[in-house]
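Have a look at the structure below before the remarks.
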Amino acid sequence: MTVSDPDREVRRLAAESLAVQDPTGWFERLYTAAEQGDLEVPWDRGAPHPLLAQWAGKRERDGTGRRAVVVGCGYGHDAEYLAGLGYDTVAFDISGTAVRAARQRFPESRVRYRTADLLAPPDEWREAFDLVFESMTVQALPVSERDAAIGRVTELVAPAGTLLVVAIHREDGEPPVEGPPWPLDRAEVESFARDGLRPVRIEILTGSTPKSRRWLAEFRRP
């Protein structure tokens with residue numbers, strides 16, 4: 001039976017991991033509990049992220065002959081969407097349980113699902129992908145790991161490749177919140193423009209409440 005407040009339970013799991021200097025260990029505990037029916041994964045929509053679909057739809061993206069990677073893929077809906085556009089897609093998550101669940105949900109998938117740590121990705125992934133999609137993963141890591149995580153995301157982008165970032169918006173100067181998530185401010189979003197990446201557009205998309213505001217940021221490596 002699932003708990004009534006999954007967000008609160010996620011914060012509890014994260015706090016326990018951080019207390020033992022393990023900033024990412026709570027992801028596996030979360031997905032394990034979800035597979036046992038004890039907890040819901042708060043960010044699982046059962047569909048690709050609408051901002052990804054909107055971005056790709058406006059550009060009539062055809063990924064044929066290109067490689068894509070989904071950071072923190074969870075149950076794989078974003079990865080399956082990109083594969084459906086023709087991308088040769090890799091999707092990874094630090095939770096082996098999440099990766100196994102994604103494979104089970106999409107048994108005929110062309111996506112190559114991998115268990116991997118964003119903070120220590122395989123060397124062969126460096127500058128290997130024409131499209132990198134980072135949605136809500138960096139913000140799920142504590143601020144102490146944020147700069148390193150952003151750096152690892154940017155290293156995945158191939159020459160002439162694109163990085164698309166989706167994150168919860170935080171106003172400049174807004175006090176820290178109890179996370180996860182720990183929303184990103186403008187300076188943190190702009191800091192994806194490193195290692196040769198250049199911003200194409202950085203947008204704040206408003207929602208019905210301040211908490212529903214999202215960053216949609218696109219970067220490109222020349």
Side-chain angles (χ1 to χ4, degrees), residues 1-52 70-79 91-102 104-105 115-119 133-150 152-153 165-189 204-217:
M1 183 176 181
T2 56
V3 298
S4 58
D5 188 349
D7 290 327
R8 182 175 181 179
E9 186 65 9
V10 164
R11 290 193 292 271
R12 182 187 69 81
L13 292 175
E16 290 176 356
S17 288
L18 291 173
V20 294
Q21 307 301 311
D22 182 10
T24 60
W26 63 273
F27 289 103
E28 176 61 18
R29 293 181 63 193
L30 168 63
Y31 280 104
T32 298
E35 289 303 293
Q36 294 171 346
D38 297 329
L39 188 62
E40 295 178 356
V41 177
W43 50 82
D44 178 38
R45 298 172 300 277
H49 198 292
L51 294 181
L52 171 62
V70 176
V71 177
C73 65
Y75 290 138
H77 298 289
D78 296 326
F92 71 95
D93 202 286
I94 197 168
S95 167
T97 298
V99 169
R100 286 191 296 274
Q104 291 169 0
R105 282 165 170 75
T115 302
D117 184 355
L118 172 60
L119 299 176
F133 183 51
E134 148 50 13
S135 172
M136 312 292 196
T137 302
V138 168
Q139 69 176 41
L141 298 171
V143 175
S144 61
E145 305 293 335
R146 183 158 294 173
D147 187 68
I150 290 173
R152 297 299 173 266
V153 170
V165 176
V166 175
I168 296 177
H169 169 267
R170 181 168 72 91
E171 290 285 355
D172 295 343
E174 186 178 337
V177 299
E178 180 185 7
W182 292 276
L184 276 61
D185 63 19
R186 178 169 290 277
E188 290 168 323
V189 173
I204 302 172
L205 303 180
T206 59
S208 57
T209 66
K211 290 184 178 180
S212 63
R213 291 178 179 172
R214 295 290 183 269
W215 293 107
L216 180 63

Any non-hydrogen side-chain atom of [X] less than 4.5 Å from a side-chain atom of [Y]?
X	Y	value
H169	V189	no
Q139	E188	no
V71	F92	yes
V166	L52	no

ask   = Under 3.5 Å, is there a donor-acceptor pair between the side chain of R146 and the main chain of W182?
value = yes

request  = Keeping the roles fixed (side chain from D93, backbone from G74), state whether a donor-acceptor pair exists under 3.5 Å.
outcome  =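 Side chain of D93 to backbone of G74, a donor-acceptor pair under 3.5 Å: yes, one is there.
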
key: Worked verdict on V153 versus T137 for side-chain contact (heavy atoms from CB on, under 4.5 Å)   = CA-CA 10 Å; V153 170; T137 302; over 6 Å; no

Could you pull out the closest heavy-atom pair between [X] and [Y], with the gap in Å?
X	Y	value
Y75	A101	CE2-CB, 3.5 Å
P48	R45	C-NH2, 3.9 Å
L51	R214	CD1-CB, 4.0 Å
V41	A34	CG2-CB, 3.7 Å
A149	L141	CB-CD1, 3.7 Å
L13	W26	O-CB, 3.5 Å

request  = Could I get the full list of salt bridge (Lys or Arg N to Asp or Glu O under 4.0 Å) partners for R100, not counting sequence neighbours?
outcome  =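 R100 satisfies salt bridge (Lys or Arg N to Asp or Glu O under 4.0 Å) with no residue once adjacent residues are dropped.
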
Out of curiosity, [X] [atom1] to [Y] [atom2], how far, rounded to the nearest 0.5 Å?
X	Y	atom1	atom2	answer
R170	W215	CZ	CH2	10.0 Å
R29	T24	CZ	OG1	12.5 Å
T32	F27	OG1	CZ	13.0 Å
R11	L18	CZ	CG	13.5 Å
M136	D78	CE	CG	10.0 Å
R213	I168	CZ	CD1	13.0 Å

request  = Quick one: list whatever passes side-chain hydrogen bond (donor to acceptor under 3.5 Å, both in side chains) with S95, sequence neighbours left out.
outcome  =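 Checked S95 against side-chain hydrogen bond (donor to acceptor under 3.5 Å, both in side chains); matches are E28.
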
request  = Hey, can you tell me if W43 and Y31 have their rings parallel, tilted or perpendicular (30° and 60° cut-offs)?
outcome  = perpendicular

request  = Check the surroundings of atom CZ in R8: do more than 12 heavy atoms from other residues, nucleotides or ligands lie under 6.0 Å from it?
outcome  =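 For R8, atom CZ is not crowded (no more than 12 foreign heavy atoms under 6.0 Å).
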
